[in-house]
There are 2 protein chains.
Amino acid sequence: MGKQKIQNMEEFAEFSGISRPTLSKYFNDPDSVRPKTRDKIERSLAKCNYQPNIFAINQNRKLTKNVGIVVPYLADPFFAEMARGIETFVIAAGYRPILLSSHGDPELEKDNLASLRAIKPAGVLMAPLGRSSDRAAIEAFCADVPTVCFDANIEGVGAAFVGHNNVQAMELMVEYLVRSGEPPTFFEMRNPPNPNANKRRMAYIDTMEALGHTPHVIQAEGEGWKIEEIGFHEGRKALIDGAFATKTVFCSNDRLAIGFLAAAYELGLRVGLGADCALRVAGHDNHPFSSFTCPTLTTVSQDYAAITARCVEMLVELIEGQQQQNTRATILIDGKLTMRASA
Amino acid sequence: MGKQKIQNMEEFAEFSGISRPTLSKYFNDPDSVRPKTRDKIERSLAKCNYQPNIFAINQNRKLTKNVGIVVPYLADPFFAEMARGIETFVIAAGYRPILLSSHGDPELEKDNLASLRAIKPAGVLMAPLGRSSDRAAIEAFCADVPTVCFDANIEGVGAAFVGHNNVQAMELMVEYLVRSGEPPTFFEMRNPPNPNANKRRMAYIDTMEALGHTPHVIQAEGEGWKIEEIGFHEGRKALIDGAFATKTVFCSNDRLAIGFLAAAYELGLRVGLGADCALRVAGHDNHPFSSFTCPTLTTVSQDYAAITARCVEMLVELIEGQQQQNTRATILIDGKLTMRASA
DNA sequence: TATTTAATTTTACGCGCGTAAAGTTTTGCT
DNA sequence: AGCAAAACTTTACGCGCGTAAAATTAAATA
């Protein structure tokens, strides 16, 4: 490989026979130069391994091509999956994803925003922690950098929100459970870290009442993101106490359901649809592991692909769109019933 | 908040009454200036919200404070958990973690290394994809930037390796299974993405032979990182075919075991230690979800905390240590038997 | 072919900070 | 108090690139 060592754009200008300002234009947007010169540049580029210094670029441009992705808890496969989708779309859109997890800690969430500020991102995609988030800090951040929120909607925060349609999804599942058996009891955390939980409870109650049934809600104690553990211990307790009004349990999310199923198993309760089953259990989210629970978990799936695609789209519009809209868009993506063995 | 707006170090020098070169020294290493001036700087810092421009810093320093973390598959909670630990230690060591996932794709792994190169990292912590990795590309990268590998050891690649002691761990589990019941059959993927699998098979065979038992290995077909799915389908097939030589199955890793347990459940096979159980199943890794399988999974746990701590330690030594050692260190951390209900 | 328009080159400055060199002040030590 | 060492200030240059302005060249239009 006789590839020359070219250190900077000056040298590459000499090497390629194109002036430096034109090269600068090219690297910023290859389509902004004449096709002929573009060809010439790219042919030269193939002959050496020059690559513009990203620090020098970012220092001098007011706006970088960085896009921050902030997630509340990356060790949760749900968010890992979301992050994966978002990363892919961000790269496809020509930006550079920077993935940060808050690991469930509001302080770290603030730190993450601070360190994002330092890299002057073109925009940020953020799933806030929710209840424990420092709202003021996030608002201040969103005022400075274009931010699209996903997963958890903090009313009024961010330029847009793209998320799951909890109301539609809850209706879907409650109606299915009622139709195929008896009305469900709702099982959730009393203090859920994620704000979707509240929307789900309310949608559950509304749907149940609309269908002429009495809603029953069992609330698990416990704080934080060890949700399976809470589902297990509190679900176990509730089962032993006979706290469930019906034998059909609709868990607020799949992680809770995973813990709950483990508890039911330990107590020797057969879960499923058959006549020989003591319980029916449904979840919500279509968590990556919900296909491998025992029994496999009937759930409402969030449309990962649509949500991730849409929120990247929104952000790109926000960044590249000339006219700035003042209205905060809220986009809700419908869920789908995913029927498996547990209900 | 009458905080002044200070744009650069020049202005902050005037504001704080400290010369710019000294400030530069301070920001590079707060301990390199006299305590008195350090106090003075920090008191001024509290009075405004100046923060050095990270791009300008990185452009001019030969070495940044960036530390890359490359993981083969972030949607795997095992790696998510590893990444979480590593991030924390990297921050504690005064560096800036940049987390990248290869999402199971060797091309993306190469891309990740390329984009890491662009940010001139002080060092990189890398868990290679393994079998599918482009060895030459990784070697070339390691030759240029200090790299400590973890999880998957590619012999000779990287300045050091920190990982799990597969041999010790396998001995531990095989001995336990033999002692507490019958000798296990080993269940693994024929073409595992991760190189640990081969070490585990060999250790299984060695230990079985040392104990005077005949090793039995069942190999699941299938490629890629959908390991639970492979464990489920291939495990199901093997169970139906009566392929297991014994009723004790030791799975090469917990994800495989999670799928296998789901298959056993579906087939109505009771898993556990009791006389009423048709199978005993053990895993390997102490995957975050192994506490919530049905039944809960007996496994050999990797010492997450020790591995993550140790590999960050190694990298920091490598970066900051004056004398460069030419010997490639290989550090293996012992596993622990984690007994639960499945075996 | 002449003319308008668009693209490129030349020249030059600035971004914010690292860092070297020489001079000055402060500190620690006897 | 005197002195050497350490820390600091002043001055000055460089990093690699963005970008503005004026001059030049190429392309598109008539």
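Hydrogens, waters and symmetry mates play no part in the numbers below; they use all other heavy atoms, side chains included. Naming convention: chains lettered A, B, ... in sequence-line order (proteins, then strands); numbering from 1 in each chain.
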Q) In whole Å, what is the span from the CD1 atom of A/I18 to the C1' atom of D/dA26? A) 13 Å
Q.
Measure CZ/A/R38 against C1'/C/dT8 and give the value in whole Å, please.
A. 17 Å
Q. Just how far, in rounded Å, is C1' of C/dG18 from CG of B/L23?
A. 13 Å
Q: Name all residues meeting the salt bridge (Lys or Arg N to Asp or Glu O under 4.0 Å) criterion together with A/D144; count only those two or more places apart in sequence or in a different chain, and write none if there are none.
A: A/R117
Q. How long is the gap from CD1 on B/I57 to CZ on A/F55, to the nearest 0.5 Å?
A. 10.5 Å
Q.
Taking the nucleotide of DNA chain C with the nearest heavy atom to each, does B/K25 or A/V33 sit closer to the 5' end?
A. A/V33
Q.
Which residues pass the side-chain contact (heavy atoms from CB on, under 4.5 Å) test with A/E11, not counting sequence neighbours?
A. A/I6, A/Q7, A/N8
Q: Quickly work out the A/D29 CG to D/dT19 P distance and round it to whole Å.
A: 12 Å
Q: Could you tell me the separation between the CZ atom of A/F55 and the P atom of C/dG18, rounded to a whole number of Å?
A: 13 Å
Q: State whether the number of non-hydrogen atoms from other residues, nucleotides or ligands found under 6.0 Å of B/K120 atom NZ is greater than 12.
A: yes
N/O to N/O distances under 3.5 Å, protein versus nucleotides 15-17 of chain D:
from: D/dC15; atom 1: O2; to: B/N60; atom 2: OD1; distance (Å): 2.2
from: D/dG16; atom 1: O4'; to: B/Q59; atom 2: NE2; distance (Å): 3.0
from: D/dG16; atom 1: N2; to: A/N60; atom 2: OD1; distance (Å): 3.3
from: D/dG16; atom 1: N2; to: A/N60; atom 2: ND2; distance (Å): 2.6
from: D/dG16; atom 1: N3; to: B/Q59; atom 2: NE2; distance (Å): 3.0
from: D/dC17; atom 1: OP1; to: A/Y50; atom 2: OH; distance (Å): 2.4
from: D/dC17; atom 1: OP1; to: A/N53; atom 2: N; distance (Å): 2.8
from: D/dC17; atom 1: OP2; to: A/M9; atom 2: N; distance (Å): 2.4
from: D/dC17; atom 1: OP2; to: A/Y50; atom 2: OH; distance (Å): 3.3
from: D/dC17; atom 1: O2; to: A/N60; atom 2: ND2; distance (Å): 2.9

Q | Ring centre gap for A/Y73 and A/F79 strictly below 6.0 Å | A | no
Q) Between D/dG18 atom P and A/K65 atom NZ, what is the distance in whole Å? A) 12 Å
Q | Distance in angstrom units between B/F27 CZ and C/dT19 P, rounded | A | 15 Å
Would you list the protein and nucleotides 26-30 of chain C atom pairs, both N or O, that sit under 3.5 Å from each other?
from: C/dT27; atom 1: OP1; to: B/K36; atom 2: NZ; distance (Å): 2.9

Q.
Between A/Y304 and A/F78, is the ring centroid distance below 6.0 Å?
A. yes
Q: Answer yes or no: is there a side-chain heavy-atom contact under 4.5 Å between B/L100 and B/L116?
A: yes
Counting only pairs under 3.5 Å, give me each side-chain donor-acceptor contact of residues 147-162 of chain B, with atom names and distances, residues two or more places apart or in other chains.
from: B/T147; atom 1: OG1; to: B/V145; atom 2: O; distance (Å): 2.8
from: B/D151; atom 1: OD2; to: B/N194; atom 2: ND2; distance (Å): 3.0
from: B/N153; atom 1: OD1; to: B/R328; atom 2: NH2; distance (Å): 2.7

Q: Determine: side-chain N/O of A/T22 to OP1/OP2 of C/dT9, distance under 4.0 Å, yes or no.
A: yes
Q. Can you check whether B/K62 has a side-chain N or O nearer than 4.0 Å to OP1 or OP2 of C/dT19?
A. yes
Q: In whole angstrom, give the distance that lies between atom CG of A/D39 and atom C1' of D/dA26.
A: 16 Å
Q. With A/R310, which residues qualify under side chain to side chain donor-acceptor pair (under 3.5 Å), at least two apart?
A. A/E313
